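What follows is a set of notes on a single structure, which appears directly below.
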Amino acid sequence: MNFWDFITNRFKAFFSSSEAEGGESDENNFFAREKVIVFSIAFVLALSLWFVVNMNREFNITVQVPVELTNLPDNLALRSDVPEDVAVNVTGEGWNLISLYSNPPKVSVDAESRQINLFEQIRNMSGSFSELNVTQVDPIMLTIETEEKATKKVPIVTQIDLNLKNRYGLIGEPEISPDSVTLTGAESRLQELSQWETEEVSLDDVSSSMERVINLRESTGGVILSTNEVNYQINVAEFTEAEVRVPVRTRNLPSGESVSFNPSSITIRYDVPINQYSDVQSIRPFAVYVDYADLQADDTGYITPRVEKNTDDFDVRLRSFQPQRVSYFNIIPD
């Protein structure tokens, strides 16, 4: 049984006996309450004394110390990463370690220095570290590499896994704003970059239009972004199935030639937003054709026609068409 289990059991036994005595008389209730107060005060005093005594002992802890870069000229940029913090292992009295752990000081690194010994710099810092023994620093050495600063504008590429609910679809393409970002950093680093990605985001069972902010991937290697986020917007609608029969036509037909198809038309099944269904019934949103050059190259007598959308007024999507192939023959003029 550990210390806390022991204390918990003692509390239960103590209060159980107090409750049993409490039903006997008012005098017993008074003594029960008095016992509780005395025990609580004694417990707090014992815990405080234990804490004070133990804080005078030496402990060993690891603290994350933030790094602050100084003296970087405006015309230069970092070519290599500078860590945001370093891990410092220290030994010392508990009181001093509490202060260090709750408010670690910053370690300043000079951008004009090529090599920095972080172990020596932290060990020689005044203040919080002066009364402590620094035993380890990770990393020990820090290399500062700089280069002429440059800027470059690159497109933003979304890393969004969009999964729409069944029977729902996009109206148009997703829009992001802004669609590009300006990068500032070392010229050699920017030459390697042709785009910048967003963070990976998964959107599941989407059934309505939405607009949300997506963060860009964090920068590395001293590259600074002109913006850290984009506005992502999609227009979503519920779709239904429709059907239309469309005649097969011949394209690029030479003058004086004529071609007949069997069957002469095909049935097209397509998806359309429910709110556009009535309007699209009055038109043929698709065209079906066979290119004359394809006929010339065919020797089977059967050919697969091509189906293309011929309107931008409606958000129709081809599902299937039947039959998949049609036969044909040339009509010889009299």
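Predicted, not measured: the structure shown is a model, and the values here were computed from it.
- Checked against side-chain contact (heavy atoms from CB on, under 4.5 Å), E84 has no partners two or more places apart in sequence or in another chain.
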Distance-only criterion, 3.5 Å: show the donor-acceptor pairs between side-chain atoms of residues 183-193 and protein atoms not counting sequence neighbours.
| from | atom 1 | to | atom 2 | distance (Å) |
| --- | --- | --- | --- | --- |
| S188 | OG | E147 | OE1 | 2.8 |
| S188 | OG | E147 | OE2 | 3.2 |
| R189 | NH1 | R79 | O | 3.0 |

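- In terms of the salt bridge (charged side-chain N to carboxylate O under 4.0 Å, His left out) criterion, E197 has no residue partners (sequence neighbours excluded).
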List, one per line, each side-chain donor-acceptor pair under 3.5 Å for residues 228-236, sequence neighbours excluded.
| from | atom 1 | to | atom 2 | distance (Å) |
| --- | --- | --- | --- | --- |
| N231 | ND2 | E211 | OE2 | 2.6 |
| N235 | OD1 | S209 | OG | 2.8 |

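- Residues forming a salt bridge (charged side-chain N to carboxylate O under 4.0 Å, His left out) with E308 (at least two apart in sequence, or on another chain): R251.
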Under 3.5 Å, which donor-acceptor pairs link side chains of residues 287-302 to any protein atom two or more places apart or in another chain?
| from | atom 1 | to | atom 2 | distance (Å) |
| --- | --- | --- | --- | --- |
| D291 | OD1 | A293 | N | 2.9 |
| D291 | OD2 | N252 | ND2 | 2.6 |
| Y292 | OH | Q296 | OE1 | 3.3 |
| D294 | OD2 | R306 | NH2 | 2.7 |
| D298 | OD1 | T300 | OG1 | 2.9 |
| D298 | OD2 | T300 | N | 3.2 |
| D298 | OD2 | T300 | OG1 | 3.2 |
| D298 | OD2 | G301 | N | 3.0 |
| D298 | OD2 | Y328 | OH | 2.7 |
| T300 | OG1 | Y302 | N | 3.2 |
| T300 | OG1 | Y302 | O | 2.9 |

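- Applying the salt bridge (Lys or Arg N to Asp or Glu O under 4.0 Å) definition to pairs two or more places apart or across chains, those involving residues 151-168 are R167-D271.
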Which donor-acceptor pairs under 3.5 Å do side chains of residues 311-318 form with protein atoms, sequence neighbours excluded?
| from | atom 1 | to | atom 2 | distance (Å) |
| --- | --- | --- | --- | --- |
| T311 | OG1 | D313 | N | 3.1 |
| D315 | OD2 | Q276 | NE2 | 3.2 |
| R317 | NH2 | L170 | O | 2.0 |

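- Residues that satisfy the side-chain contact (heavy atoms from CB on, under 4.5 Å) test with N166, not counting sequence neighbours, are absent from this structure.
- Under the 4.0 Å criterion applied to side-chain N and carboxylate O atoms, E199 and R217 are not assigned as salt-bridge partners.
- Side-chain contacts under 4.5 Å among hydrophobic residues (ILVMFWY), followed directly or transitively, place F239 together with I171.
- Applying the side-chain contact (heavy atoms from CB on, under 4.5 Å) rule to R284 yields the partners V244, P247; only residues at least two apart in sequence or on another chain are considered.
- With sequence neighbours excluded, the residues that form a side-chain contact (heavy atoms from CB on, under 4.5 Å) with E200 are Q159.
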